[in-house]
Amino acid sequence: MSEQPDYKDTVFLPKTDFPMKAGLANKEPGILARWEEHDLYGKLREARKGREKFILHDGPPYANGNIHIGHSLNKILKDLVARSQSLLGKDAPYIPGWDCHGLPIEWKIEEQYRKKKRNKDEVPAAEFRQECRDYAAKWVDVQREEFKRLGVMGEWDKPYLTMDFDAEATIVAEFLKFAESGQLYRGAKPVMWSPVEKTALAEAEVEYADVQSTQIDVAFEITESPIPELVGAHAVIWTTTPWTIPVNQAIAYGEGIEYDLIQALDGTGPVYLVASELWNEFRARMGNIELTTINDVMGHMLAGTIARHPMHKLGGFFANPRPFIAADHVTTEAGTGLVHMAPDHGEEDFFACKEHGIDPVFAVDDDGVYREDWLWLPRGDERAGNVINKRFNSSEGPICSDLREAGALLSASDDFQHSYPHSWRSKAKVIYRCTPQWFVRMDEALESGKTLRETALSEIDTTRFVPERGRKRLRSMVEGRPDWVLSRQRAWGVPITVYADKDGNYLNDPEVNARIIEAVRNGGADAWFAADHQALLGNTYSLDDWEVVTDILDVWFDSGSTHAFVLESGKWPNLRSPADLYLEGSDQHRGWFQSSLLESCGTRGRAPYKDVLTHGMTLDAKGFKMSKSLGNTLDPQKIIDVNGADILRLWASTVDFTEDHRIGPEILKGVTDMYRKLRNSFRYMLGALSDFDESERVAVADMPELERYVLHLLAELDATLKEAVNDYAFPRYVRALTDFANEDLSAFFFDIRKDCLYCDAPDDPKRRAYRTVLDTLFHALVRYASPVLCFTAEEVWQTRYPDAGSIHLEEWPAVNPEWRIFEHREKWNEIVSIRKHATEQIEPLRRDKIIRSSLEAELYMPIRDMPFDEETFAEVAIVAAVHDAKTYSVKKTDHSKCGRCWRLLPDVEEDGALCGRCAEVIGA
RNA sequence: GGGCCGGUAGCUCAGCCUGGUUAGAGCGCACGCCUGAUAAGCGUGAGGUCGGAAGUUCAAGUCUUCCUCGGCCCA
């Protein structure tokens, strides 16, 4: 074989500096710095000025601690929404915010005090609040940098904080709207109370854990009854909270429950009243003594029966009669079927007693000790103590001892296992405790004629939920929730700015309220606590007649008011209310989605949002919840440092975020692989277009069918992507995009046109058409990718257009919808499927090493029956030639291989010589 | 304990509402090709008792019930 020249230098290979290896972790910070330097966010606002708005309102994360993977997902999703809406051409501002008040921060400051051995109560409240403020500010700064690093674009220089004076003033104003409209009331109700933190807790602040408690059976001697046999008998109640016995006021029974009177076998000793179904269990607790039923009575017959407290000899409160009252919640699941009622310390007790005119007595002080003037175990008594103290309640503790001495303690054991609520911060047990609290009524008709609950429910009906099941979830919660408890007995928060009289009525004067709001706007929450209240009251009222309320608002009220102080305040003029979208985790059905809805419905009669998008929780690789104690957490910062933020963003947009979803090393590896393929497609396009000149451009009508088919596919993709954006369906979006890049482009179009790109003459119309389409594809794909791979898209864009502005200022690509209508569409779909079949036919010959490249194959097939010719299909299938035949077969070609284009063609004289086309191109 | 939700190839997901050919895709993996997208590109292939059990039906990944595992919220 003669020595043939090397034609490599005559081939037009792709040329680009765009590296295959991304090095995102190193590159991204530089891109971020450039965006910031050029004020990309500001430029984008300018560019979209006057356009249709899309308002995504940010739910504020709590300003405490570094961000975790859940925050990352949430913020990335928000950024995907904002960027994709902006790509559509809308003006989609994003104002991030933070939730700054509340117990967790207070707790951190108190913890610092404890370390320094300082007593919190000795620190002036204003100083304490300042420290909380500083602490929140510090974490806002930390989290801001962490969020920015994710590539989240927004008005980071001007976020909203719930502790801004403006915000606090608006929160106060919103609160006073509830007061002025009469939806606010002061009530006394048992609320979850933490004696350690000396505060009422929200449900969200409570967690349940298994504990061992003391269970006791206590006898209440019956003194009066319509049923004569009952007089002198002992009603038996069972409880796991002995400390509530000193506050007992009644005994509840179930009307439909059957009760037995039982007594020792020998007919001596006391007679006990217990539910028939439960007396065996009762007997077991008594030590399996022999008992027998001597009579039975239906629950409803117990009405009018009266017992006396075991400690009635103490007189006063304890000497009062303890009536039997009917209550629906009494069951025969456990206990004795008779339930001792302490309206101070149980929600059910409270309501059952209220119906019978029995009011709470407020026996337990805020630190969990019976008040000083209580007759049994009062503060100061040497045996007194915190009522949740284990020893206090134990079978040898003061309560049990006194009951035993009084002959009323029938059984006591310290090993009862059950789930019990604890404060999620201090992990200490909490109690129900009746205290004066401020409430918002759910069920009183307002001016509209509808109650707050009804308004909220009808607004839920008109909101769009993604996914749809969120509607049901929010609905059932709003349907079932009790009145909203607004008050907290804490320091770090927005004050409940009302003046109350002794009966709980509050001053309701718009002029006073206006002065209060103004004061808070100037001086923040401290303005209330340190106010000259007489000045606020003016001349009309005297401070002597009013008590200044010092409670603060539930933090959910703060964040529930963000629509007022962010969307409506005018501080961010490009916002408006209601928002187009609220986007948060599914846990916010109980939280922000609901508090915002109630706040807005109570003050404006409508929801503050049009759409509600919920995402699930991020779990570990095995589907378990991440927790520090399990050691299965994944730090977003580490992922960014190793893989880059674009990988995390791509992950967030591929998982089904509407459900709970997973993350782990293997998943991230998959995401990285997906990223690499996409990146390489961009690299190829950049290389292929490196010297593309506008003069090369060819009109679509003059293009080969293959080019027009690809434009058709692009137009289909375009429609799919647009729809996905409107549905917030990012997994569908990314899937469609990557499938297109991998299948339609890399494995099909690019592969087929490689010969054309490398070997045809630069002015060949086919090559020009191909590059024209490549250019169109490039412009479309880099834009499509930009919301997701915000850094990489910028890198791609800047590689091709170093002097242009950011890719993120660009709008949705100019893909002509008419391309969707392609007259040869069916034919080309068939070509694609037959191409697949053809490669399968070639495969055996490759496996047997008869041929190596498909270019060596000649294909026999019933091509005359098909709507395309031999030449077309040979090109598309990348084979040497196609011949008509009845059945499929493949044979190695006899032709020689062109030394330049490597095709095996009849006009090549010997291997390494040039084919006619190549000879012409290089002018040989 | 209650309400709601989920469990389809190694991974991420379609299919389930409106039961009906051998359950699909991409990635990964294995093998092969190419060595002019080269730590890339192309091809072929293996891989699933659709969480488990029962039921309805001529027919169930798809409908029903129970169980199990996991999640969110609540008690």
Side-chain angles (χ1 to χ4, degrees), chain A residues 6-16 18 20-21 192 203-204 206 208 333 347 418-421 467-470 472-477 479-481 585-591 594 614-625 650-651 653-656 658-688 731-732 734-743 746-748 750-752 754-755 757-759 836 838-840 842-849 851-856 878 900-902:
Chain A
D6 181 3
Y7 293 104
K8 181 162 182 168
D9 291 342
T10 72
V11 175
F12 311 114
L13 296 178
K15 227 180 351 204
T16 178
F18 187 78
M20 189 138 54
K21 199 167 164 19
M192 286 285 199
E203 282 165 354
V206 168
Y208 288 77
E333 272 173 31
E347 216 171 335
H418 63 149
S419 178
Y420 193 85
E468 172 61 29
R469 69 182 91 94
K472 197 172 164 189
R473 184 137 183 219
L474 189 55
R475 184 166 239 297
S476 70
M477 284 176 177
E479 272 170 349
R481 68 156 301 144
S586 56
D587 53 339
Q588 296 303 324
H589 287 105
R590 173 64 52 181
Q594 192 180 159
T614 47
H615 58 80
M617 299 290 133
T618 303
L619 311 172
D620 76 359
K622 290 177 187 154
F624 290 89
K625 154 199 193 131
L650 189 56
W651 164 79
S653 34
T654 50
V655 295
D656 180 5
T658 64
E659 296 286 352
D660 292 346
H661 47 268
R662 306 172 181 200
I663 192 166
E666 192 185 2
I667 293 166
L668 284 171
K669 185 185 172 292
V671 174
T672 308
D673 289 335
M674 186 189 293
Y675 171 83
R676 268 211 297 271
K677 292 208 54 128
L678 206 51
R679 182 178 177 89
N680 259 300
S681 296
F682 278 117
R683 181 166 183 269
Y684 176 75
M685 285 189 278
L686 285 168
R732 202 160 85 218
V734 170
R735 165 60 52 104
L737 185 61
T738 55
D739 281 4
F740 180 76
N742 293 331
E743 294 301 295
S746 190
F748 181 71
F750 294 171
D751 208 31
I752 292 165
K754 217 179 262 187
D755 174 72
L757 178 73
Y758 292 178
C759 299
K836 250 188 195 99
T839 53
E840 280 171 32
I842 298 170
E843 188 60 19
L845 278 81
R846 300 174 66 155
R847 203 168 42 236
D848 297 343
K849 316 269 182 190
I851 61 166
R852 305 154 82 83
S853 157
S854 65
L855 279 169
E856 294 172 40
I878 320 181
R900 179 166 175 270
C901 70
W902 297 347

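The sequence lines fix the lettering, A, B, ..., with proteins before strands; numbering per chain opens at 1.
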Chemist: Scan A/Val11 against the nucleic acid and name what it touches under 4.0 Å (heavy atoms): base, sugar-phosphate only, or nothing.
Modeler: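 Base contact - A/Val11 has a heavy atom under 4.0 Å of at least one base atom.
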Chemist: A/Glu659 side chain: which of B/A14, B/U44, B/G6 is closest?
Modeler: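 Nearest to the side chain of A/Glu659 among the choices is B/G6.
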Chemist: For A/Ser653 and A/Leu650, indicate whether the former's side chain and the latter's backbone hold a donor-acceptor pair under 3.5 Å.
Modeler: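 Yes, A/Ser653 side chain to A/Leu650 backbone: donor-acceptor pair under 3.5 Å.
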Chemist: If I pick the P atom on B/G15 and the same atom on B/G24, what distance separates them, to the nearest angstrom?
Modeler: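 Rounded to whole Å, the distance is 15 Å.
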Chemist: Verify the contact: side-chain N or O of A/Tyr758 to OP1 or OP2 of B/A37, cut-off strictly under 4.0 Å; return yes or no.
Modeler: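 True: A/Tyr758 side-chain N/O within range (under 4.0 Å) of B/A37 OP1/OP2.
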Chemist: Taking a pair as Watson-Crick or G-U wobble with both distances under 3.5 Å, which nucleotide is matched to B/G24?
Modeler: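 The answer is B/C13, by the H-bond criterion.
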Chemist: Using a distance-only criterion (donor-acceptor N/O pair, under 3.5 Å, no hydrogens), is the base of B/A14 paired with the side chain of A/Arg735?
Modeler: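 A donor-acceptor contact between them is absent.
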Chemist: At 4.0 Å (heavy atoms only), tell me whether A/Asn680 reaches a base, stays on the sugar-phosphate, or touches nothing.
Modeler: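 Touches a base.
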Chemist: Quantified in whole Å, what is the P atom distance between nucleotide B/C29 and nucleotide B/U68?
Modeler: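 Nearest-Å result for B/C29 against B/U68 at atom P: 39 Å.
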Chemist: Compare side-chain N and O positions of A/Ser746 against OP1 and OP2 of B/C42 and report whether any pair is under 4.0 Å apart.
Modeler: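 So the side-chain polar atoms of A/Ser746 do come within 4.0 Å of the phosphate oxygens OP1 or OP2 of B/C42, strictly under.
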Chemist: If you pin A/Tyr7 and A/Glu743 to their nearest nucleotides in RNA chain B, which one's is more 5'?
Modeler: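 The answer here is A/Glu743.
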Chemist: If you look at every heavy atom in A/Thr614 and A/Gly585, which pair is closest and at what distance?
Modeler: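 Scanning both residues, the minimum pair turns out to be CG2-O, 4.3 Å.
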Chemist: Count the heavy atoms of every other residue, nucleotide or ligand shown that sit under 6.0 Å from CZ of A/Arg852, and state whether that count exceeds 12.
Modeler: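 No - once you tally the heavy atoms of other residues, nucleotides and ligands closer than 6.0 Å, there are 12 at most.
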Chemist: Applying the Watson-Crick and G-U wobble criteria at under 3.5 Å, what pairs with B/G19? Answer none if nothing qualifies.
Modeler: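 Paired with no nucleotide.
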Chemist: What is the pairing partner of B/A30, taking Watson-Crick or G-U wobble pairs with both distances under 3.5 Å in any strand?
Modeler: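 The answer is B/U44, by the H-bond criterion.
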Chemist: Counting side-chain heavy atoms from CB outward, which of B/A37, B/G71, B/U12 is closest to A/Val655?
Modeler: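 The nucleotide sitting nearest to the side chain is B/U12.
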Chemist: For residues A/Asp587 and A/Met617, report the shortest heavy-atom separation together with the two atoms involved.
Modeler: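 So the two residues come closest at OD1-CE, 3.3 Å.
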Chemist: Reckon A/Ser854 has a side-chain N or O less than 4.0 Å from the OP1 or OP2 of B/C33?
Modeler: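 So the side-chain polar atoms of A/Ser854 never come under 4.0 Å of the phosphate oxygens OP1 or OP2 of B/C33.
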Chemist: Shortest non-hydrogen contact from A/Arg900 to A/Tyr758?
Modeler: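 Scanning both residues completely, I find the closest heavy atoms to be NH2-O, 3.8 Å.
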Chemist: If I compare all heavy atoms of A/His661 with all of A/Gly616, which pair ends up nearest, and what's the gap?
Modeler: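 Heavy atoms of A/His661 and A/Gly616 come nearest at CE1-O, 3.6 Å.
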Chemist: Do A/Arg473 side-chain and B/C72 base share a donor-acceptor contact under 3.5 Å?
Modeler: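 Such a pair exists between side chain and base.
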Chemist: Scan every strand shown for a Watson-Crick or G-U wobble partner of B/U35, both distances under 3.5 Å, and answer none if you come up empty.
Modeler: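 Paired with B/U35, as far as the under-3.5 Å criterion goes, is no nucleotide at all.
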Chemist: Measure from NZ on A/Lys8 to C1' on B/A37 and round the result to the nearest Å.
Modeler: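 After rounding, the gap between these two atoms is 12 Å.
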Chemist: Using the P atoms only, state how far B/G1 lies from B/G10, rounded to an integer number of Å.
Modeler: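 Their P atoms lie roughly 33 Å apart.
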Chemist: Looking across every strand, which nucleic acid part, if any, lies under 4.0 Å from A/Gly687 by heavy atom: base, sugar-phosphate, or nothing?
Modeler: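 Nothing, no heavy atom under 4.0 Å.
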Chemist: If you check the A/Lys677 side chain, which of B/G43, B/U12, B/C42 turns out closest?
Modeler: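 Selected nucleotide: B/C42.
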Chemist: Expressed as a whole number of angstroms, how long is the span from A/Tyr684:OH to B/A40:P?
Modeler: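 It is 17 Å, rounded to the nearest whole Å.
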Chemist: Indicate, with a heavy-atom threshold strictly under 4.0 Å, whether A/Arg900 touches base, sugar-phosphate, or nothing.
Modeler: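 If one applies the 4.0 Å heavy-atom cut-off, A/Arg900 turns out to touch a base.
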Chemist: Over how many whole Å does the gap from A/Met674 atom CE to B/C13 atom C1' extend?
Modeler: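 Value for this atom pair: 9 Å.
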Chemist: Picking from B/A40, B/A37, B/C72, which would you name as closest to the side chain of A/Met617?
Modeler: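 So the side chain of A/Met617 is nearest to B/C72.
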Chemist: Sort out the partner of B/C72 for me: Watson-Crick or G-U wobble, both distances under 3.5 Å, none otherwise.
Modeler: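 Partner of B/C72: B/G3.
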Chemist: If you only use heavy atoms from C-beta on, which nucleotide in B/G28, B/G70, B/U38 is closest to the side chain of A/Met20?
Modeler: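 The listed nucleotide nearest to A/Met20's side chain is B/U38.
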Chemist: How far does the C1' atom of B/G47 sit from the matching atom of B/C66, given to the nearest Å?
Modeler: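 Comparing C1' positions in B/G47 and B/C66 gives a spacing of 32 Å.
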Chemist: Salt bridge check: are A/Glu840 and A/Lys836 linked by an N-O gap of less than 4.0 Å?
Modeler: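 Not counted as a salt bridge, because no side-chain N and carboxylate O are separated by less than 4.0 Å.
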Chemist: Write down the distance separating the C1' atoms in B/C33 and B/G48, rounded off to the nearest Å.
Modeler: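 One C1' to the other, the span is 29 Å.
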Chemist: At under 4.0 Å between heavy atoms, what does A/Trp902 touch on the DNA or RNA strands: base, sugar-phosphate, or nothing?
Modeler: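 Contact class for A/Trp902: base.
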Chemist: If you look at every strand shown and take non-hydrogen atoms under 4.0 Å, does A/Phe624 touch a base, only sugar-phosphate, or nothing?
Modeler: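 Sugar-phosphate: the residue A/Phe624, judged by heavy atoms under 4.0 Å, touches backbone atoms but no base.
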Chemist: Between B/C4 and B/A75, how many Å separate the two C1' atoms, rounded to a whole number?
Modeler: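 Straight-line distance between the two C1' atoms is 15 Å.
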Chemist: Picking from B/G36, B/C5, B/C11, which would you name as closest to the side chain of A/Leu13?
Modeler: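 Within the option list, the nearest is B/G36.
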Chemist: Just name whichever nucleotide pairs with B/C66, Watson-Crick or G-U, keeping both distances under 3.5 Å, else none.
Modeler: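 Looking at the geometry, B/C66 pairs with B/G52.
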Chemist: From the list B/C27, B/C72, B/C33, which nucleotide is the closest neighbour of the side chain of A/Lys849?
Modeler: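 Closest nucleotide among those given: B/C33.
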Chemist: Of the non-hydrogen atoms in A/Thr654 and A/Met674, which two are nearest, and what is the gap between them?
Modeler: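 Nearest pair, atom of A/Thr654 first, then A/Met674: CG2-SD, 3.8 Å.
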Chemist: Tell me which nucleotide, if any, is Watson-Crick or G-U wobble paired with B/A59 when both distances must be under 3.5 Å.
Modeler: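 WC or wobble partner does not exist here.
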Chemist: Look at the side chain of A/Lys754 and decide which nucleotide, out of B/C33, B/G41, B/C72, has an atom nearest to it.
Modeler: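 The answer is B/G41.
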Chemist: By the 4.0 Å heavy-atom rule, please label A/Thr738 as base, sugar-phosphate, or nothing.
Modeler: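 Contact class for A/Thr738: none.
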Chemist: May I ask you to evaluate whether A/Lys472 reaches the phosphate of B/G3, defined as a side-chain N or O under 4.0 Å from OP1 or OP2?
Modeler: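 For A/Lys472, the contact criterion (side-chain N or O under 4.0 Å from OP1 or OP2 of B/G3) is not met.
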Chemist: Across the strands shown, which category fits A/Lys625 at heavy-atom distances under 4.0 angstrom: base, sugar-phosphate, nothing?
Modeler: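 Answer is sugar-phosphate: A/Lys625 comes under 4.0 Å of backbone atoms only.
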Chemist: Rounded off to whole Å, could you give me the NZ-to-P distance for the A/Lys836 and B/U44 pair?
Modeler: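 To the nearest whole Å, that distance equals 8 Å.
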Chemist: Heavy atoms only, 4.0 Å cut-off, all strands: where does A/Lys21 land among base, sugar-phosphate and nothing?
Modeler: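 Result for A/Lys21 = nothing.
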Chemist: Any carboxylate oxygen within less than 4.0 angstrom of a Lys/Arg side-chain nitrogen, looking at A/Asp673 and A/Lys669?
Modeler: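 Yes, this pair counts.
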Chemist: Nearest heavy atom decides the nucleotide; on that basis, is A/Arg469 or A/Asp673 closer to the 5' end of RNA chain B?
Modeler: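 Nearest-nucleotide comparison on RNA chain B picks A/Arg469.
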Chemist: At 4.0 Å (heavy atoms only), tell me whether A/Arg846 reaches a base, stays on the sugar-phosphate, or touches nothing.
Modeler: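 Answer is base: heavy atoms of A/Arg846 come under 4.0 Å of a base.
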